[in-house]
Amino acid sequence: RGQRLVEQTTSIRLTPDPDEICFDLVVAGDISTYAITDTGPISMASRGAGQFTVLKPVKICQQGLVVGPATASATNRARLTNVSTSFDSVPLMGSLLRTLARNQHAENLPAANREVAQKIIWQSCRQTDEESERKFAELTEQTEAKVWNPLVQLGLNPATFLETTEEQAILRLRLHADAQLAAHTPRPREPENSLLGIQVHQSTFNNAFNQ
């Protein structure tokens, strides 16, 4: 029995690609635990510290949104903080049992740390897959229903142009019917320190209103 505290952060790591938007969803976390284990007459208290990093590959391509399975790495370190027995009041017996418990704990500690690390990997991957794929599915459905399908119904022939650099994910959307013109000049560059930039050419509005 015990307590566990998990603190995690989520970020993205871009993967350069000339024709797709590619990135890894990165979930990094720290785990601290306090546990009490009772085995017969012996009670052991321990504290643990672990770290994990989950990578989930995501790409936006001409076929839509594609997500891959999450992979993770994890470490765990545990230390014994206290040992008590029901024979502590008995001379020699309590001391002997505590020594035996500490020795057995030290002998099993490397295997226990590996087992806990594997459990952290399994749990973090499962949670990342379940939560992110559900959110991505909702986002895809909303984008198709509210953006893409209405543009198709207007006959604007939406076409995407995708690119990923080490620092930017770029998505360009061209809208025009067969008899319409689109922008023919280079777009102005956004400020280098911008986190998100949206640029719309006037032909986008003109072509949409004409339809």
Side-chain angles (χ1 to χ4, degrees), residues 1-37 45-81 105 108-149 158 160-173 190 192-198:
R1 65 187 187 276
Q3 298 175 338
R4 179 177 64 175
L5 176 64
V6 180
E7 297 180 345
Q8 65 182 39
T9 58
T10 304
S11 60
I12 62 171
R13 182 183 303 164
L14 297 176
T15 304
D17 190 284
D19 301 310
E20 298 174 342
I21 292 179
C22 300
F23 62 92
D24 287 326
L25 184 68
V26 183
V27 181
D30 295 305
I31 303 174
S32 56
T33 60
Y34 174 74
I36 298 176
T37 305
S46 62
R47 293 190 178 274
Q51 294 82 35
F52 66 89
T53 302
V54 183
L55 300 179
K56 185 171 182 64
V58 181
K59 71 176 180 178
I60 302 173
C61 57
Q62 299 300 333
Q63 290 72 37
L65 181 66
V66 180
V67 295
T71 59
S73 60
T75 60
N76 185 73
R77 299 184 307 276
R79 60 184 178 88
L80 193 61
T81 58
H105 180 271
N108 296 330
L109 185 58
N113 280 332
R114 289 193 297 270
E115 182 178 353
V116 172
Q118 287 299 319
K119 288 183 178 180
I120 294 174
I121 290 174
W122 179 79
Q123 291 178 351
S124 59
C125 285
R126 179 178 60 83
Q127 184 176 1
T128 300
D129 281 335
E130 290 179 354
E131 295 187 7
S132 63
E133 290 179 8
R134 175 172 54 84
K135 293 292 187 181
F136 282 135
E138 294 175 357
L139 178 61
T140 300
E141 292 177 359
Q142 293 176 0
T143 302
E144 290 181 352
K146 297 181 179 181
V147 180
W148 192 264
N149 291 340
T160 57
F161 301 87
L162 311 171
E163 181 185 1
T164 309
T165 68
E166 293 183 356
E167 299 180 352
Q168 288 184 319
I170 303 169
L171 186 152
R172 296 169 55 207
L173 182 66
E190 68 281 351
E192 293 183 356
N193 60 349
S194 61
L195 179 63
L196 174 66
I198 300 176

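Quick caveat: nothing in here was measured; it's all calculated off a predicted structure.
- The distance from atom OG1 of Thr160 to atom CZ of Arg172, rounded to the nearest 0.5 Å, is 10.5 Å.
- Between the side chain of Thr81 and the backbone N or O of Ala45, at least one donor-acceptor pair lies under 3.5 Å.
- Between the OG1 atom of Thr15 and the CD atom of Glu166 there is a distance of 10.0 Å, given to the nearest 0.5 Å.
- Ion pairing of Glu130 with Arg134 is absent here, as no side-chain N (NZ or NE/NH1/NH2) approaches a carboxylate O to less than 4.0 Å.
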Where do Leu25 and Ile12 land on the side-chain contact (heavy atoms from CB on, under 4.5 Å) test, with the steps shown first? CA-CA 5 Å; Leu25 184 68; Ile12 62 171; 4.3 Å; yes

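- Residues Val27 and Ser124 form no side-chain contact, since every pair of their non-hydrogen atoms from C-beta on lies 4.5 Å or further apart.
- Taking the side chain as every heavy atom from C-beta outward, Thr164 and Phe23 never approach each other to under 4.5 Å.
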Using side-chain contact (heavy atoms from CB on, under 4.5 Å), reason through Ile170 and Leu162 one step at a time and then give a plain yes or no. CA-CA 6 Å; Ile170 303 169; Leu162 311 171; over 6 Å; no

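- With Lys56 as reference, Asp129 is the one residue of Thr71, Asp24, Asp129 to meet the side chain to side chain donor-acceptor pair (under 3.5 Å) rule.
- Other residues, nucleotides and ligands contribute only 12 or fewer heavy atoms inside 6.0 Å of the CZ atom of Arg13.
- Of the charged side-chain nitrogens involved, none lies within less than 4.0 Å of a carboxylate oxygen, so that Lys135 and Glu131 do not count as a salt-bridged pair.
- The closest side-chain heavy-atom distance from Val66 to Val58 is not below 4.5 Å.
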One pair to check against side-chain contact (heavy atoms from CB on, under 4.5 Å): Leu14 and Thr165. What are the steps and the verdict? CA-CA 7 Å; Leu14 297 176; Thr165 68; 5.6 Å; no

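- To the nearest 0.5 Å, atoms SG (Cys22) and CD (Glu163) are separated by 11.0 Å.
- Considering CZ of Arg77 and CZ of Arg47, their distance stands at 14.5 Å, rounded to 0.5 Å.
- In this structure, CG in Leu196 is found 10.0 Å from CD in Glu190, a value given to the nearest 0.5 Å.
- When every heavy atom of Pro158 is checked against every heavy atom of Trp148, the shortest pair comes out as O-CH2, 3.5 Å.
- Nearest approach of Ile120 to Ala74, heavy atoms of both residues: CG2-CB, 3.8 Å.
- Counting heavy atoms from C-beta on, the side chains of Tyr34 and Leu5 never come closer than 4.5 Å.
- Taking every heavy atom of both residues into account, Ile31 and Thr33 meet most closely at CG2-CG2, 3.9 Å.
- Atom-to-atom distance recorded for Leu65:CG and Glu133:CD is 10.0 Å, nearest 0.5 angstrom.
- Smallest separation of non-hydrogen atoms from Phe52 and Asp30: CE2-N, 4.4 Å.
- Here the shortest heavy-atom pairing between Pro57 and Pro69 reads CD-O, 3.5 Å.
- For Gln3, the CD atom counts as loosely surrounded, since its 6.0 Å shell holds 12 or fewer non-hydrogen atoms of other residues, nucleotides or ligands.
- In terms of heavy atoms, Val54 sits closest to Ala72 at CG2-CB, 3.9 Å.
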